Amino acid sequence: MTPIFTFEGIYTPVVTPFTDDHCVNWDALADVIDNLIDKGVHGLISGGSTGENYAQSVEERLEIARFTRERSKGRLPMIVGTGAMMTPDSIALATGARDMGADAILLATPPYSVPTERENALNALAIDKAANLPVMLYNYPGRMGVHMGEEFLDRVGRSRNICAIKESSGDINRVHLLARDYPHIQMSCGMDDQALEFFAWGARSWVCGGSNFLPEEHVALYQACAVEGNFDKGRRIMSAMMPLMRVLEQGGKFIQCIKHGVTLNGIGTGPMRPPLKGLNKDDKRALEQVIRVLKRTIADIQAEG
(Lines give C-alpha, C1' and ligand atoms only; values in the text may rest on other atoms or scores of the structure.)
Protein backbone atom coordinates (compact mmCIF):
# COMPACT_ATOMS: atom_id res chain seq x y z
CA MET A 1 0.00 0.00 0.00
CA THR A 2 1.48 3.33 -1.06
CA PRO A 3 1.50 5.81 1.86
CA ILE A 4 -0.55 8.97 1.45
CA PHE A 5 2.34 11.01 2.90
CA THR A 6 6.09 10.37 2.87
CA PHE A 7 8.09 11.55 5.87
CA GLU A 8 11.54 12.40 4.62
CA GLY A 9 14.39 14.14 6.43
CA ILE A 10 14.76 16.08 9.66
CA TYR A 11 11.56 17.00 11.49
CA THR A 12 12.05 19.52 14.28
CA PRO A 13 9.71 19.53 17.29
CA VAL A 14 9.74 23.30 17.71
CA VAL A 15 10.48 24.85 21.11
CA THR A 16 8.07 27.42 22.54
CA PRO A 17 9.86 30.63 23.56
CA PHE A 18 8.35 32.35 26.60
CA THR A 19 8.61 35.81 28.08
CA ASP A 20 9.75 36.20 31.68
CA ASP A 21 6.12 35.98 32.82
CA HIS A 22 5.64 32.71 30.90
CA CYS A 23 3.56 34.09 28.03
CA VAL A 24 4.37 32.92 24.49
CA ASN A 25 7.02 35.10 22.89
CA TRP A 26 5.59 35.27 19.39
CA ASP A 27 8.45 37.28 17.90
CA ALA A 28 11.00 34.76 19.12
CA LEU A 29 8.87 31.87 17.88
CA ALA A 30 8.77 33.48 14.44
CA ASP A 31 12.58 33.73 14.52
CA VAL A 32 12.91 30.06 15.53
CA ILE A 33 10.64 28.97 12.65
CA ASP A 34 12.41 31.16 10.08
CA ASN A 35 15.84 29.96 11.21
CA LEU A 36 14.88 26.29 10.95
CA ILE A 37 13.54 26.78 7.45
CA ASP A 38 16.60 28.77 6.41
CA LYS A 39 18.96 26.10 7.79
CA GLY A 40 17.39 23.28 5.80
CA VAL A 41 15.27 21.12 8.06
CA HIS A 42 12.56 19.20 6.23
CA GLY A 43 9.50 19.61 8.47
CA LEU A 44 8.18 21.25 11.64
CA ILE A 45 6.25 19.71 14.53
CA SER A 46 4.10 22.01 16.66
CA GLY A 47 2.79 20.87 20.02
CA GLY A 48 5.35 18.23 20.89
CA SER A 49 6.75 17.71 24.37
CA THR A 50 9.89 19.63 23.31
CA GLY A 51 7.49 22.56 22.83
CA GLU A 52 6.28 22.06 26.44
CA ASN A 53 2.81 20.94 25.36
CA TYR A 54 2.16 19.43 28.80
CA ALA A 55 2.23 22.93 30.30
CA GLN A 56 -0.25 24.43 27.80
CA SER A 57 -4.00 24.35 27.38
CA VAL A 58 -5.59 22.89 24.25
CA GLU A 59 -6.48 26.43 23.16
CA GLU A 60 -2.87 27.60 23.55
CA ARG A 61 -1.55 24.63 21.65
CA LEU A 62 -3.90 25.33 18.76
CA GLU A 63 -2.98 29.02 18.78
CA ILE A 64 0.72 28.14 18.62
CA ALA A 65 0.09 25.61 15.85
CA ARG A 66 -1.89 28.13 13.80
CA PHE A 67 0.87 30.69 14.23
CA THR A 68 3.47 28.12 13.13
CA ARG A 69 1.37 27.22 10.11
CA GLU A 70 0.92 30.84 9.11
CA ARG A 71 4.56 31.76 9.69
CA SER A 72 5.92 28.82 7.72
CA LYS A 73 3.62 29.73 4.80
CA GLY A 74 3.69 26.23 3.37
CA ARG A 75 7.47 26.29 2.93
CA LEU A 76 7.74 23.03 4.89
CA PRO A 77 5.34 20.28 5.94
CA MET A 78 3.89 20.91 9.41
CA ILE A 79 2.77 18.24 11.84
CA VAL A 80 0.54 18.98 14.83
CA GLY A 81 1.02 17.00 18.04
CA THR A 82 -2.21 15.61 19.48
CA GLY A 83 -0.84 13.96 22.61
CA ALA A 84 -3.02 14.50 25.69
CA MET A 85 -4.26 12.58 28.71
CA MET A 86 -7.92 12.83 27.68
CA THR A 87 -9.24 11.61 24.34
CA PRO A 88 -11.57 14.63 23.84
CA ASP A 89 -8.55 16.94 24.11
CA SER A 90 -6.64 14.91 21.51
CA ILE A 91 -9.68 14.95 19.23
CA ALA A 92 -9.95 18.75 19.63
CA LEU A 93 -6.28 19.07 18.64
CA ALA A 94 -6.76 16.70 15.70
CA THR A 95 -9.82 18.59 14.47
CA GLY A 96 -7.94 21.86 14.84
CA ALA A 97 -5.03 20.45 12.85
CA ARG A 98 -7.40 19.49 10.06
CA ASP A 99 -9.09 22.88 10.04
CA MET A 100 -5.82 24.84 9.89
CA GLY A 101 -4.54 22.79 6.96
CA ALA A 102 -1.79 20.89 8.78
CA ASP A 103 -0.03 18.22 6.72
CA ALA A 104 -0.16 15.48 9.36
CA ILE A 105 -0.63 14.74 13.06
CA LEU A 106 1.63 13.15 15.66
CA LEU A 107 -0.41 10.65 17.67
CA ALA A 108 0.81 9.31 21.02
CA THR A 109 -0.49 6.96 23.69
CA PRO A 110 -2.30 8.89 26.45
CA PRO A 111 0.12 9.12 29.38
CA TYR A 112 -0.56 7.69 32.84
CA SER A 113 -3.77 5.76 32.06
CA VAL A 114 -1.84 2.67 30.84
CA PRO A 115 -4.42 1.48 28.27
CA THR A 116 -4.55 -2.04 26.88
CA GLU A 117 -3.50 -2.57 23.28
CA ARG A 118 -7.15 -2.62 22.21
CA GLU A 119 -8.02 0.51 24.20
CA ASN A 120 -5.01 2.32 22.85
CA ALA A 121 -5.87 1.34 19.28
CA LEU A 122 -9.48 2.49 19.61
CA ASN A 123 -8.25 5.79 21.07
CA ALA A 124 -5.83 6.26 18.18
CA LEU A 125 -8.47 5.43 15.57
CA ALA A 126 -10.88 7.96 17.11
CA ILE A 127 -8.23 10.67 16.84
CA ASP A 128 -7.36 9.55 13.32
CA LYS A 129 -11.01 9.74 12.30
CA ALA A 130 -11.33 13.29 13.69
CA ALA A 131 -8.29 14.54 11.77
CA ASN A 132 -8.49 12.46 8.59
CA LEU A 133 -4.87 13.44 7.96
CA PRO A 134 -1.68 11.44 7.56
CA VAL A 135 -0.62 10.10 10.96
CA MET A 136 2.79 9.60 12.52
CA LEU A 137 2.35 7.40 15.58
CA TYR A 138 4.57 8.08 18.59
CA ASN A 139 5.77 5.10 20.63
CA TYR A 140 7.43 6.32 23.84
CA PRO A 141 6.79 3.76 26.60
CA GLY A 142 9.19 5.50 28.96
CA ARG A 143 6.75 8.41 29.20
CA MET A 144 3.45 6.69 28.38
CA GLY A 145 3.81 3.45 30.34
CA VAL A 146 2.96 1.05 27.48
CA HIS A 147 4.26 0.04 24.07
CA MET A 148 2.38 0.42 20.84
CA GLY A 149 2.68 -3.34 20.44
CA GLU A 150 1.86 -5.72 17.64
CA GLU A 151 -1.84 -5.98 18.47
CA PHE A 152 -2.05 -2.18 18.44
CA LEU A 153 -0.15 -1.89 15.14
CA ASP A 154 -2.27 -4.58 13.51
CA ARG A 155 -5.48 -2.78 14.52
CA VAL A 156 -4.50 0.78 13.58
CA GLY A 157 -2.64 -0.34 10.46
CA ARG A 158 -6.01 -0.94 8.82
CA SER A 159 -6.38 2.84 8.47
CA ARG A 160 -4.81 4.23 5.32
CA ASN A 161 -3.90 7.37 7.25
CA ILE A 162 -1.39 5.55 9.47
CA CYS A 163 1.78 6.36 7.57
CA ALA A 164 4.66 6.32 10.05
CA ILE A 165 5.80 5.72 13.61
CA LYS A 166 8.24 7.75 15.66
CA GLU A 167 9.95 5.01 17.64
CA SER A 168 11.33 6.24 20.97
CA SER A 169 11.47 3.06 23.02
CA GLY A 170 15.25 2.76 22.92
CA ASP A 171 14.83 -0.97 22.24
CA ILE A 172 16.76 -1.86 19.10
CA ASN A 173 14.62 -4.98 18.73
CA ARG A 174 11.67 -2.68 18.03
CA VAL A 175 13.60 -1.26 15.09
CA HIS A 176 14.08 -4.79 13.78
CA LEU A 177 10.39 -5.62 14.32
CA LEU A 178 9.16 -2.52 12.52
CA ALA A 179 11.55 -2.93 9.61
CA ARG A 180 10.75 -6.61 9.11
CA ASP A 181 7.08 -6.97 9.98
CA TYR A 182 5.59 -3.50 9.38
CA PRO A 183 7.36 -2.17 6.29
CA HIS A 184 4.16 -0.39 5.24
CA ILE A 185 4.52 1.90 8.30
CA GLN A 186 7.42 4.27 7.73
CA MET A 187 9.91 4.15 10.58
CA SER A 188 11.10 7.47 11.98
CA CYS A 189 13.96 7.78 14.46
CA GLY A 190 12.78 9.01 17.83
CA MET A 191 15.82 7.89 19.82
CA ASP A 192 18.67 10.23 19.04
CA ASP A 193 21.56 8.00 20.04
CA GLN A 194 20.27 5.28 17.69
CA ALA A 195 19.88 7.49 14.60
CA LEU A 196 22.62 5.68 12.68
CA GLU A 197 20.97 2.31 13.36
CA PHE A 198 17.56 3.62 12.29
CA PHE A 199 18.97 4.84 8.99
CA ALA A 200 20.78 1.53 8.48
CA TRP A 201 17.43 -0.25 8.89
CA GLY A 202 15.73 1.96 6.32
CA ALA A 203 14.35 4.92 8.27
CA ARG A 204 14.00 8.00 6.11
CA SER A 205 13.20 10.57 8.80
CA TRP A 206 14.40 11.66 12.22
CA VAL A 207 12.36 13.65 14.77
CA CYS A 208 15.07 15.33 16.81
CA GLY A 209 14.84 18.09 19.42
CA GLY A 210 18.50 18.98 19.00
CA SER A 211 17.81 20.21 15.48
CA ASN A 212 16.22 23.28 17.08
CA PHE A 213 19.74 24.64 17.58
CA LEU A 214 21.96 22.38 15.43
CA PRO A 215 19.83 21.96 12.31
CA GLU A 216 22.68 21.75 9.81
CA GLU A 217 24.53 19.08 11.77
CA HIS A 218 21.43 16.90 12.06
CA VAL A 219 20.74 17.35 8.35
CA ALA A 220 24.36 16.30 7.68
CA LEU A 221 23.80 12.90 9.31
CA TYR A 222 20.56 12.35 7.43
CA GLN A 223 22.23 13.38 4.17
CA ALA A 224 25.20 11.07 4.66
CA CYS A 225 23.18 8.01 5.65
CA ALA A 226 19.75 8.24 4.04
CA VAL A 227 20.61 10.16 0.87
CA GLU A 228 24.21 9.27 0.06
CA GLY A 229 24.28 5.85 1.73
CA ASN A 230 27.74 6.77 3.05
CA PHE A 231 27.72 5.07 6.43
CA ASP A 232 31.47 5.54 6.92
CA LYS A 233 30.87 9.29 6.90
CA GLY A 234 27.69 8.78 8.90
CA ARG A 235 29.54 6.93 11.66
CA ARG A 236 32.02 9.78 11.95
CA ILE A 237 29.25 12.37 12.20
CA MET A 238 27.34 10.21 14.69
CA SER A 239 30.46 9.78 16.79
CA ALA A 240 30.85 13.55 16.93
CA MET A 241 27.20 13.91 18.03
CA MET A 242 27.24 11.32 20.80
CA PRO A 243 28.61 13.63 23.54
CA LEU A 244 25.75 16.04 22.83
CA MET A 245 23.21 13.24 23.14
CA ARG A 246 24.64 12.23 26.51
CA VAL A 247 24.37 15.82 27.75
CA LEU A 248 20.80 16.20 26.48
CA GLU A 249 19.60 13.06 28.22
CA GLN A 250 21.45 13.32 31.52
CA GLY A 251 19.49 14.37 34.58
CA GLY A 252 16.22 15.01 32.76
CA LYS A 253 17.32 18.39 31.40
CA PHE A 254 16.45 17.80 27.77
CA ILE A 255 14.18 20.79 27.15
CA GLN A 256 16.39 23.08 29.23
CA CYS A 257 19.38 22.16 27.05
CA ILE A 258 17.44 22.59 23.82
CA LYS A 259 16.22 26.05 24.78
CA HIS A 260 19.68 27.15 25.93
CA GLY A 261 21.12 25.90 22.63
CA VAL A 262 18.62 28.03 20.71
CA THR A 263 19.53 31.02 22.88
CA LEU A 264 23.20 30.51 21.99
CA ASN A 265 22.17 31.00 18.35
CA GLY A 266 20.88 34.46 19.21
CA ILE A 267 17.17 33.71 19.66
CA GLY A 268 16.02 34.23 23.24
CA THR A 269 13.73 31.39 24.29
CA GLY A 270 13.14 32.54 27.86
CA PRO A 271 12.33 30.27 30.79
CA MET A 272 10.54 26.94 30.90
CA ARG A 273 7.07 26.84 32.37
CA PRO A 274 6.92 25.28 35.84
CA PRO A 275 7.81 22.84 37.15
CA LEU A 276 10.97 23.01 35.02
CA LYS A 277 13.81 25.39 35.78
CA GLY A 278 16.71 26.57 33.65
CA LEU A 279 20.25 25.21 33.55
CA ASN A 280 22.77 26.24 36.16
CA LYS A 281 26.12 27.76 35.16
CA ASP A 282 27.98 24.45 35.19
CA ASP A 283 25.37 22.78 32.98
CA LYS A 284 25.45 25.69 30.55
CA ARG A 285 29.24 25.59 30.36
CA ALA A 286 29.26 21.83 29.73
CA LEU A 287 26.67 22.13 26.97
CA GLU A 288 28.48 25.03 25.31
CA GLN A 289 31.77 23.11 25.27
CA VAL A 290 30.13 20.06 23.71
CA ILE A 291 28.45 22.22 21.05
CA ARG A 292 31.74 23.93 20.14
CA VAL A 293 33.57 20.64 19.64
CA LEU A 294 30.65 19.06 17.76
CA LYS A 295 30.29 21.95 15.31
CA ARG A 296 34.02 22.08 14.61
CA THR A 297 34.33 18.32 14.14
CA ILE A 298 31.34 17.99 11.81
CA ALA A 299 32.46 21.04 9.81
CA ASP A 300 35.81 19.30 9.27
CA ILE A 301 34.08 16.06 8.20
CA GLN A 302 31.88 17.99 5.76
CA ALA A 303 34.86 19.85 4.34
CA GLU A 304 36.53 16.55 3.50
CA GLY A 305 33.53 15.69 1.32
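All values derive from a computational prediction rather than experimental measurement.
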If we ignore hydrogens and angles and just use 3.5 Å, is the side chain of [X] paired with the main-chain N or O of [Y] as donor and acceptor?
{"X": "Arg143", "Y": "Asn139", "result": "no"}
{"X": "Thr116", "Y": "Glu119", "result": "yes"}
{"X": "Ser211", "Y": "His218", "result": "no"}
{"X": "Gln256", "Y": "Lys277", "result": "yes"}
{"X": "Ser239", "Y": "Arg235", "result": "no"}
{"X": "Thr95", "Y": "Ala92", "result": "no"}
{"X": "Thr16", "Y": "Gly51", "result": "yes"}
{"X": "Ser169", "Y": "Asp171", "result": "yes"}
{"X": "Gln194", "Y": "Met191", "result": "no"}
{"X": "Arg61", "Y": "Gly81", "result": "yes"}

Tell me whether [X] is salt-bridged to [Y], with the criterion being a basic N under 4.0 Å from an acidic carboxylate O.
{"X": "Lys295", "Y": "Glu217", "answer": "yes"}
{"X": "Arg155", "Y": "Glu151", "answer": "yes"}
{"X": "Asp34", "Y": "Arg75", "answer": "yes"}
{"X": "Lys281", "Y": "Glu288", "answer": "no"}
{"X": "Lys259", "Y": "Glu52", "answer": "yes"}

Side chains of [Y] and [X]: any donor to acceptor distance under 3.5 Å?
{"X": "Asn265", "Y": "Asn35", "answer": "no"}
{"X": "Glu117", "Y": "His147", "answer": "no"}
{"X": "Glu167", "Y": "Tyr138", "answer": "no"}
{"X": "Thr109", "Y": "Asn120", "answer": "yes"}
{"X": "Thr19", "Y": "Asn25", "answer": "no"}

Practice problem: Walk me through it: do Phe18 and Cys23 pass the test side chain to side chain contact (heavy atoms under 4.5 Å, CB included)? | Solution: CA-CA 5 Å; Phe18 293 119; Cys23 294; 6.0 Å; no
Are the side chains of [Y] and [X] in contact, using a 4.5 Å heavy-atom criterion?
{"X": "Leu137", "Y": "Leu153", "result": "yes"}
{"X": "Cys257", "Y": "Leu279", "result": "yes"}
{"X": "Leu107", "Y": "Met136", "result": "no"}
{"X": "Phe5", "Y": "Phe7", "result": "yes"}
{"X": "Lys166", "Y": "Gln186", "result": "no"}
{"X": "Phe198", "Y": "Ser188", "result": "no"}
{"X": "Met238", "Y": "Met242", "result": "yes"}
{"X": "Trp206", "Y": "Leu221", "result": "yes"}

Quiz prompt | Intermediate values then yes/no, side chain to side chain contact (heavy atoms under 4.5 Å, CB included), Ile185 and Cys163 | solution = CA-CA 5 Å; Ile185 301 177; Cys163 295; over 6 Å; no
Quiz item: Between Ile45 and Val15, is there a shared hydrophobic cluster once you connect ILVMFWY residues whose side-chain heavy atoms come closer than 4.5 Å?
Solution: no
How long is the gap from [atom1] on [X] to [atom2] on [Y], to the nearest 0.5 Å?
{"X": "Arg204", "Y": "His42", "atom1": "CZ", "atom2": "NE2", "result": "10.0 Å"}
{"X": "Ile237", "Y": "Cys225", "atom1": "CD1", "atom2": "SG", "result": "7.0 Å"}
{"X": "Leu248", "Y": "Ile258", "atom1": "CG", "atom2": "CD1", "result": "5.0 Å"}
{"X": "Asn212", "Y": "Thr269", "atom1": "CG", "atom2": "OG1", "result": "9.5 Å"}

Practice problem: Using the ring pair (Phe, Tyr, Trp, His ring centres under 6.0 Å) rule, take Phe67 and Trp26 through it: C-alpha gap first, then chi angles, then the decisive distance, then the call. | Solution: CA-CA 8 Å; Phe67 180 90; Trp26 299 106; 5.0 Å; yes
Quiz prompt | side chain to side chain contact (heavy atoms under 4.5 Å, CB included) between Glu304 and Lys233, worked out | solution = CA-CA 10 Å; Glu304 293 172 10; Lys233 182 178 180 181; over 6 Å; no
Practice problem: Apply salt bridge (charged side-chain N to carboxylate O under 4.0 Å, His left out) to the pair Arg69 and Asp103, showing each step before the final yes or no. | Solution: CA-CA 10 Å; Arg69 181 67 173 170; Asp103 296 282; 3.0 Å; yes
Quiz item: Of the non-hydrogen atoms in Leu44 and Ser72, which two are nearest, and what is the gap between them?
Solution: CD1-CB, 4.1 Å
Quiz item: Is the centre of the Phe213 ring less than 6.0 Å from the centre of the His260 ring?
Solution: no
Exercise. Check the pair Ile165, Arg174 against side chain to side chain contact (heavy atoms under 4.5 Å, CB included), reporting the backbone distance first and the verdict last.
Key: CA-CA 11 Å; Ile165 182 167; Arg174 282 278 302 187; 3.8 Å; yes
